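The next block holds one structure in the form of structure tokens; read it before the comments.
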2 protein chains.
Amino acid sequence: MNFQQLRIVRETVRQNFNLTAVAQVLFTSASGVSKHIKDLENELGVELFIRKGKRLLALSEPGKELLGMVERVLLDTSNIKRLAEQYSQRDEGQLSIATTHTQARYALPPVISRFKQAFPKVQLVLHQASPQELVRLLLNGDADIGIATEAVAAVDELVSFPYYHWHHSVIAPVDHPLHQQTLSLQTLANYPLITYHQGFTGRSEIDQAFNAAGLNVDIVMSALDADVIKTYVALGMGVGIIAAMAMENHHDTQVQAIKAPPLFAQQTARIAIHRGHYLRGFAYHFIQLCAADLSEDIIRQQLHPTELI
Amino acid sequence: MNFQQLRIVRETVRQNFNLTAVAQVLFTSASGVSKHIKDLENELGVELFIRKGKRLLALSEPGKELLGMVERVLLDTSNIKRLAEQYSQRDEGQLSIATTHTQARYALPPVISRFKQAFPKVQLVLHQASPQELVRLLLNGDADIGIATEAVAAVDELVSFPYYHWHHSVIAPVDHPLHQQTLSLQTLANYPLITYHQGFTGRSEIDQAFNAAGLNVDIVMSALDADVIKTYVALGMGVGIIAAMAMENHHDTQVQAIKAPPLFAQQTARIAIHRGHYLRGFAYHFIQLCAADLSEDIIRQQLHPTELI
DNA sequence: GATGCTTACGATACCCGTAAAGATA
DNA sequence: TATCTTTACGGGTATCGTAAGCATC
């Protein structure tokens with residue numbers, strides 16, 4: 001048994017049992033992949049995969065049980081490597097952050113610029129992704145930190161902490177009649193609406209609020225990010241509902257937020273980490289730049305619950 | 001990085017940084033051990049050991065942190081192997097039980113004979129050991145199950161379950177005057193005593209009881225097991241204090257237990273397992289033969305707390 | 001016929017152990 | 001001096017990739 005064999009087993013599942021794809025992802029040959037799987041199965045005396053002829057179809061029962069252990073081993077070895085980097089190059093290395101457009105565009109810029117000042121040698125990788133993709137990146141170990149409002153709190157394998165709270169704002173062209181009216185869900189429902197895609201930036205909360213009020217709304221368009229939404233609102237296609245911070249500190253001349261108390265429930269952007277993932281020292285600093293009360297100790301306690309010190 | 005390197009790191013600590021000993025234990029050459037350590041340190045870019053000249057003295061800071069991860073990796077790989085055996089040879093294999101003399105001699109025989117009937121092909125290895133040694137065997141992965149009254153409950157890395165409760169008995173030669181007296185700590189303290197070694201079979205409870213009563217006692221001899229104690233009690237060297245089950249079902253003609261309510265607090269023999277250690281199916285059966293209410297589900301829950309099913 | 005898996009085989013790198021030299025107590 | 005660690009070096013093995021053959025869709 002060796003690490004390459006374990007990597008291959010894990011990647012075979014991730015690549016839907018296509019060994020050619022596995023070989024490409026792991027930068028090796030298909031023949032080697034094939035042989036490694038055979039060798040491991042021989043050594044363990046168990047068939048890890050269900051086959052149909054030569055093709056692999058799925059994990060066998062023992063294969064399923066094994067996969068969990070394999071993933072733990074590989075998680076630990078990646079932790080070992082990061083731990084070593086932490087000591088060999090304390091303030092150098094890579095920090096990989098997976099986040100949504102909203103956070104990357106409106107919440108993170110000040111954090112990131114302060115972080116870069118503190119750790120100029122750390123290479124920042126910003127994966128922009130959907131909340132679902134972001135979860136996958138964290139679970140695969142391809143990202144150290146995930147930041148999003150959606151999805152992350154519901155995944156057991158992730159630890160997450162509140163980052164900040166925010167509300168949705170309603171925006172309309174500067175000359176729109178809504179600016180003169182008292183804003184309510186009812187009045188809003190009279191206009192065609194433009195807002196986020198399903199699963200993005202609190203969209204579910206918006207739907208729920210209208211549903212609860214028994215209102216049918218006409219969402220003429222949905223987009224991934226506030227910039228796109230603002231563009232189409234400016235064109236007069238409808239009234240926009242976007243995250244409030246997407247309007248702050250911006251001098252949009254064509255559209256304007258409607259001044260009114262929030263119509264939709266408070267949202268919480270969260271910072272998420274894969275349970276058991278070893279974080280470099282500067283990663284803890286990054287998190288503390290986001291939320292000053294999240295100290296390294298507090299995070300570690302949640303991340304590595306079995307550590308007893 | 002490979003498994004052999006990790007094994008060597010772990011074993012180096014266990015062998016007090018004597019690489020020659022490491023090589024012997026791992027059945028390889030000292031030169032290989034030396035090179036593997038160098039290679040790993042090079043790859044990680046960190047010195048894992050503190051050296052004085054050529055000799056290794058201790059773990060460095062990163063080495064200490066690394067060790068925990070290394071041990072998890074090796075624990076998981078041994079779990080992988082056992083899991084594979086579980087499927088490839090369901091009712092064959094090895095079950096390694098570490099236990100004290102008292103349990104091996106008086107409590108386990110019926111359990112073991114029933115187990116052997118149920119799993120004739122399983123090779124039973126009975127490590128007889130002191131409670132401290134028993135803990136080490138469990139933590140090293142050299143034993144699957146530990147059974148003892150002492151020590152195991154105090155170790156965080158072990159999960160333990162109550163097996164059965166027992167009391168100490170006072171024994172004396174058949175013609176001893178104590179048989180006619182009312183038994184109390186005071187009367188007992190008038191005689192020279194023979195009992196277990198420190199750290200064995202509830203000895204600490206005995207000391208504590210006399211201390212609490214403000215009594216000074218003359219322990220003329222201490223031994224590891226009840227058989228030895230009984231022998232010297234029969235010779236008239238003193239009054240014995242042994243585990244009650246060491247007198248049951250035995251036709252000792254020269255010594256006899258004194259009929260009286262128990263003088264010392266109740267003791268609990270416990271079944272202990274290393275947290276995270278994968279147990280074969282028959283190991284769960286063994287435990288259930290000891291204590292019928294300890295089902296596989298209940299034990300698994302404690303052993304692998306992170307599993308979410 | 002296109003894609004995917006396996007076998008054969010040669011080149012390379014890796015791992016191990018012996019022997020000898022160098023450090024340390 | 002005895003014990004321990006490291007370096008040098010040779011033999012063996014494992015791993016990898018190319019190429020070709022074969023199965024599957």
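All figures in this text were calculated on a predicted structure; none of them were measured in a lab. First the proteins, then the strands, lettered A, B, ... as listed; each starts at 1.
At least one side-chain nitrogen or oxygen of Q4(B) sits closer than 4.0 Å to the OP1 or OP2 atom of dC16(C). At least one side-chain nitrogen or oxygen of T28(B) sits closer than 4.0 Å to the OP1 or OP2 atom of dG17(C). Checking the phosphate oxygens (OP1, OP2) of dC14(C), no side-chain nitrogen or oxygen of H36(B) falls inside 4.0 Å. Close to dC5(C), at under 4.0 Å from its OP1 or OP2, lies a side-chain N or O of T20(A).
Inspection of the T100(A) and T102(A) side chains reveals no N or O donor paired with an N or O acceptor under 3.5 Å.
Each end of the helix from dG1(C)-dC25(D) to dA25(C)-dT1(D) gets its own axis, taken as the rotation carrying the C1' atoms of four end pairs onto the next four within a five-pair window, and the two axes meet at 40° to the nearest 10 degrees.
In this structure, the CE atom of M1(B) is 17 Å from the C1' atom of dC14(C), given to the nearest Å. Protein atom CZ of R51(B) is 13 Å distant from nucleotide atom P of dT24(C), rounded to whole Å. Taking atom CZ of R55(B) as the reference point, atom C1' of dA25(C) lies 6 Å away to the nearest angstrom. As a whole-Å value, the separation of F49(A) CZ from dG4(C) P is 17 Å. Atom CG in D39(B) sits roughly 9 Å away from atom P in dC14(C) (whole-Å rounding). Distance F3(B) CZ to dC14(C) P: 18 Å, rounded to the nearest Å. Residue Q5(B) contributes atom CD, which lies 13 Å from atom C1' of dC16(C) at whole-angstrom precision. When rounded to the nearest whole Å, the span between CG of N18(A) and P of dT3(C) equals 12 Å.
For the pair N2(A) and A30(A), nearest-nucleotide mapping onto DNA chain D gives the more 5' position to N2(A). Nearest-nucleotide positions on DNA chain C for K38(A) and F27(B) put K38(A) closer to the 5' end. Between G53(A) and L56(B), the one whose closest nucleotide on DNA chain D sits nearer the 5' end is L56(B).
For residues 75-104 of chain A, no pair satisfies ring-ring contact (aromatic ring centres under 6.0 Å, His included), with sequence neighbours left out.
Contact annotation for K35(B): no contact, since no heavy-atom pair falls under 4.0 Å across all strands.
The local environment of NE2 in H285(A) is sparse, with at most 12 non-hydrogen atoms from other residues, nucleotides or ligands closer than 6.0 Å. Summarising the local packing, NZ of K121(B) is surrounded by 12 or fewer heavy atoms from other residues, nucleotides or ligands at distances under 6.0 Å.
The two residues S222(A) and R203(A) make their nearest non-hydrogen contact at CB-NH1, 3.9 Å. Residues Q132(A) and G199(A) come closest through the heavy atom pair NE2-O, 4.4 Å. Looking at every heavy atom in both residues, T20(B) comes nearest to N18(B) through N-OD1, 2.9 Å.
Residue L95(A) is tested with L124(A), I112(A), V125(A) for a side chain to side chain contact (heavy atoms under 4.5 Å, CB included); the sole match is L124(A).
Chain B approaches DNA chain D over the interval dT3(D) to dT7(D), counting the first and last nucleotide 5' to 3' with an atom under 4.0 Å from its heavy atoms.
The distance from the CG atom of L19(A) to the OG atom of S29(A) is 11.0 Å, given to the nearest 0.5 Å. Taken to the nearest 0.5 Å, the CD atom of E41(B) stands 5.0 Å off from the CD atom of E47(B).
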